Each structure stands twice: as structure tokens, then as C-alpha cells.
Number of protein chains: 2
Amino acid sequence: MPTSKTQPVIAATEGAQRALILTRAARLFRKKGFERTTVKEIAQACEMLPGSLYYRYKTKEELLVDLMRYGIEDVMQDVLASFEQTEDPSEQLRYCINAHLRALVSDSDLIFVLLFEWRALGGEAQSDIIALRDDYERLWSDILEAMVQEGVLKPDVDLKLLRLVGIGSLNWVATWYDPEGPYDLDQIGGFLWRIIVDALLAGGARGAPS
Amino acid sequence: MPTSKTQPVIAATEGAQRALILTRAARLFRKKGFERTTVKEIAQACEMLPGSLYYRYKTKEELLVDLMRYGIEDVMQDVLASFEQTEDPSEQLRYCINAHLRALVSDSDLIFVLLFEWRALGGEAQSDIIALRDDYERLWSDILEAMVQEGVLKPDVDLKLLRLVGIGSLNWVATWYDPEGPYDLDQIGGFLWRIIVDALLAGGARGAPS
DNA sequence: GTCTATACTCTGATAGAC
DNA sequence: GTCTATCAGAGTATAGAC
């Protein structure tokens, strides 16, 4: 192999290992919760022994933090990419909703863990992750604000409430969604999207903002 | 004290003790999670010692199960009572939304624990609690169905999806609601209620069911 | 019913060989 | 980088006195 390509290849391998560990861990954390999952189990799932894991992460909590960081980067990329697929604000919302849902229930369980295990983090780590989550929510604020400025949403809608309630309904999907169930992600996302648009579309006949 | 009153008084005292223990435990579980809360801490919060707790509950998990059972009975009563305060289906929905929100963030943290700690339960206990939760969700199905039959919601609305998405947005409020924050429960509940009604009201001009 | 004292288990984490 | 071996600590749960 040419020397010039050595560096990237190593990096990719490293990254792959990290991804593998975090994904396997996420699956366990999602199923059993962070505390009930032992380091032994994580190592086993990665086909190594506990000692080897401690070469990469000083503590179990540090692994969780890295997992969450990795997860949030993942969603943000997905949502941003979806956002840029169209210029139409209403469609942008639809795409982003779908991207969020996909990230939430896809085979990587990173986002689920991010959403449901943050209490397992101690003080400072918790603040770090919350800050990252705020970044992500800001992304949604931007999307909604653009919709207002483009005249797709009524100007007097409380965007913060809409964001909180909307993301909430999306996040909760993770608790009941069943790939074998009657609804696919597009249906769920579309349902929510339609409600928002129907209720809050600019120029709507009903719904005085009281 | 007259003898005839002795029995009830004892029962009330017993019940009060149970309520005290479960409420104190719930606060801890909410803050730290079930696993990170030690039996010692629970006992301390109840001003007793670990041994005393084990007189009432054979295991820590049994305490959690009782807590969840107690919590779900609580919500169901509240929501049912709210439902019966009016005959108007639309208002019924509004009242029930508010009741759910109140239960969710009131000083008793029972519902929060019920919603976020069910993974801490092992197999059979988990099934029991899920069955209880299904009972509760059925209550919401009934409310929504009544709204359709009274002509308040469009007949072609997917009630199951509406229920899932709606309850989800309500439940998630528990993760961000701040009593000192800008929104009170009525505002939050009202916001969601208005969206539903505006988007899905029978005879709506927009929103063909695709 | 509550307390004291304690047994037993399991887990996160470390040190050092390879 | 990964494995072996192991420790110190913590936590649930129990037995029996009061």
C-alpha cells in the first residue's frame, strides 16, 4: 500500500472500531438500560474482554458520553442533509421529521440511548450532552422560523412550544414503534406533519391564536 | 377514640405509610433513576432503615412495581374525574389533557417513574405493568372515539395514531417542563388541544385525508 | 414493625504480562 | 492493543434481637 494512503486507512479502521463498540453498546443500553448493562457484557458483544475496553475508555460513563456525542452528530448530519434536499419550507419540515424518525428507530440505537439515559450521567458530563442537545434543537428552531418567514406558518404561532411538543411526539415514537407493526415511519411522520400544517398554516380559516 | 372508627383509621395510616414510601421513592427514582438509587437512600428518605423497608417489600423491584401500580391508579382516577366534569366531547378532551399533564409533573413523581423506568422491571413484572398501561391508553381511545361519534373529529382520522402521537407529546413534557419556566400546564395543554381540534375538526376546510 | 449486624454477590476498574 | 488475574467497594437482601 502506498504510504500516502496509510494514514486515512488507519483512521478509518479506528473509526470503524469505535462505531462498532458504540453501536453494540447502544443496543445493550437500549434493551437493559445503562446501569444494568455490565462492562463484561459490552466487551462480550464486541468480542473482546473487559480489560480491552478500558484501553479505549477510562470509565463506563466515558463510553456513554462518547456514544451520545456520536449519536447526536449522526442525527444532526441526517437532518441537515434532509433539510438541504429541497427549498420548499413545508417539504423541508416533512423531510426533517422523517430523518429524525429514521435516526430514532434505525438499527443504531444511539439516539434512543441519548434520549433516555441522560440521567445516568453525572453533573458535568450531563451539562455537556445537554448543550449538544440544545444545538440540535436550535436546528429545529431555525427550520420552523424559516417556515414562518416564508409564510407557511402563521406568524403568531408559539414556535418554542411547537418545537417542544413536536419533538416530544417524535421522540416518544421510539417507545412504541414496531417495525413489524401497522405503521411505517413515513406514515407516522406524515401524520404529524399534516396536523401541524393543517392547524398552523398561514391564512387558516380557523384557529384564532387567542 | 371510639372503637368503630379504629379499623378505618388503621387502614388510613397504613395507606398513608405506603403513599409516603412510594412518593419518596418516586422522587429519588425520578432524579437518579431506579438502579442508581440505593435501598439505603430510600429508607433514609422515609426516615427508617433498610431492614424496615424489607418488611414491606420483599425486593427493591417489588417496591417499584407497587409504585407504578399506585401511580397508574392515580392518573386513571384523575383523568376519569376530569372526563366526567362535562358532557361536551371537545371540552372533555381538553380536561383530560390537563389532568394527564398535572399527574405528570405534580409533586408526586409516580407517573414519571412509570413512564421512564419500566425497563428496570424483569419479564413478568414488565408485562403486568404494560397491561395496566394498556388499560389507561384504552381510556384515551374511548375519549377520542366519542369525539368522532359526536361529530367533533373527522370520521376518517386514524385514532390510534392520534392517540399515540398525542400521548407521546404529553409524556415528553415531563422531560422539559419547568414550574419556574415560561409555560404553565394550561398553556401547554391548550396548545396541543387547539392543534388537534384545528387540524382534525369535522368539516374542516383543509386536510383531505390523503 | 423497626433496628442491628452481616453475608454474599457482582461490578467497575487496575496492574502488568504478552 | 488485547488478555489475565484480581481487588476494593458497593449494594441487595437476610437473620434475629428488641
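Sequence lines set the chain letters: A, B, ... in the order given, protein chains first and strands last, and positions in each chain run from 1. Quantities reported herein were computed from a predicted structural model and do not represent experimental measurements.
- Between A/E41 and A/K32 there is a salt bridge, since a side-chain N of the basic residue sits under 4.0 Å from a carboxylate O of the acidic one.
- Electrostatic pairing of B/E117 and A/R119 counts as a salt bridge here, judged by a charged N lying under 4.0 Å from a carboxylate O.
- Put simply, CZ on A/R36 is 14 Å from C1' on D/dG11, counting in whole angstrom units.
- With contacts defined as side-chain heavy-atom distances shorter than 4.5 Å, the pair A/L121/A/M68 qualifies.
- Nucleic acid contact class of A/E41 (heavy atoms, under 4.0 Å, all strands): none.
- One atom, CG of B/L53, and another, C1' of D/dA13, lie 12 Å apart when rounded to the nearest Å.
- In this structure, CD of A/Q17 is placed 10 Å from P of D/dG1, rounded to the nearest angstrom.
- Ranking D/dT12, C/dA13, D/dC3 by closeness to the A/M48 side chain, first place goes to D/dC3.
- A donor atom on one side chain and an acceptor atom on the other are not found under 3.5 Å apart for A/W172 and A/S169.
- When distances run from any side-chain atom of B/Y54 to the nucleotides D/dT2, D/dA13, C/dT2, the shortest one goes to D/dA13.
- Considering only side-chain N and O atoms, B/S52 lies nowhere under 4.0 angstrom from the phosphate OP1 or OP2 of C/dG1.
- Going from atom CZ of B/R18 over to atom P of C/dG1 covers 15 Å, rounded to whole Å.
- Whole-Å rounding puts the B/E35 CD to C/dG12 P distance at 11 Å.
- Nucleotide D/dT2 holds its C1' atom 16 Å from the CD atom of A/Q44, rounded to whole Å.
- When rounded to the nearest whole Å, the span between CG of A/L63 and P of C/dT11 equals 17 Å.
- Relative to the ring axis of B/F112, B/K31 does not place its NZ or CZ within 45° and under 6.0 Å from the centre.
- For A/Y55, the side-chain atoms get nearest to D/dT2 when compared with the rest of D/dA13, D/dT2, C/dT2.
- Side-chain atoms of A/T38 lie closest to C/dT11 of the nucleotides D/dA13, C/dG1, C/dT11.
- Protein atom CG of A/L49 is 8 Å distant from nucleotide atom C1' of D/dT4, rounded to whole Å.
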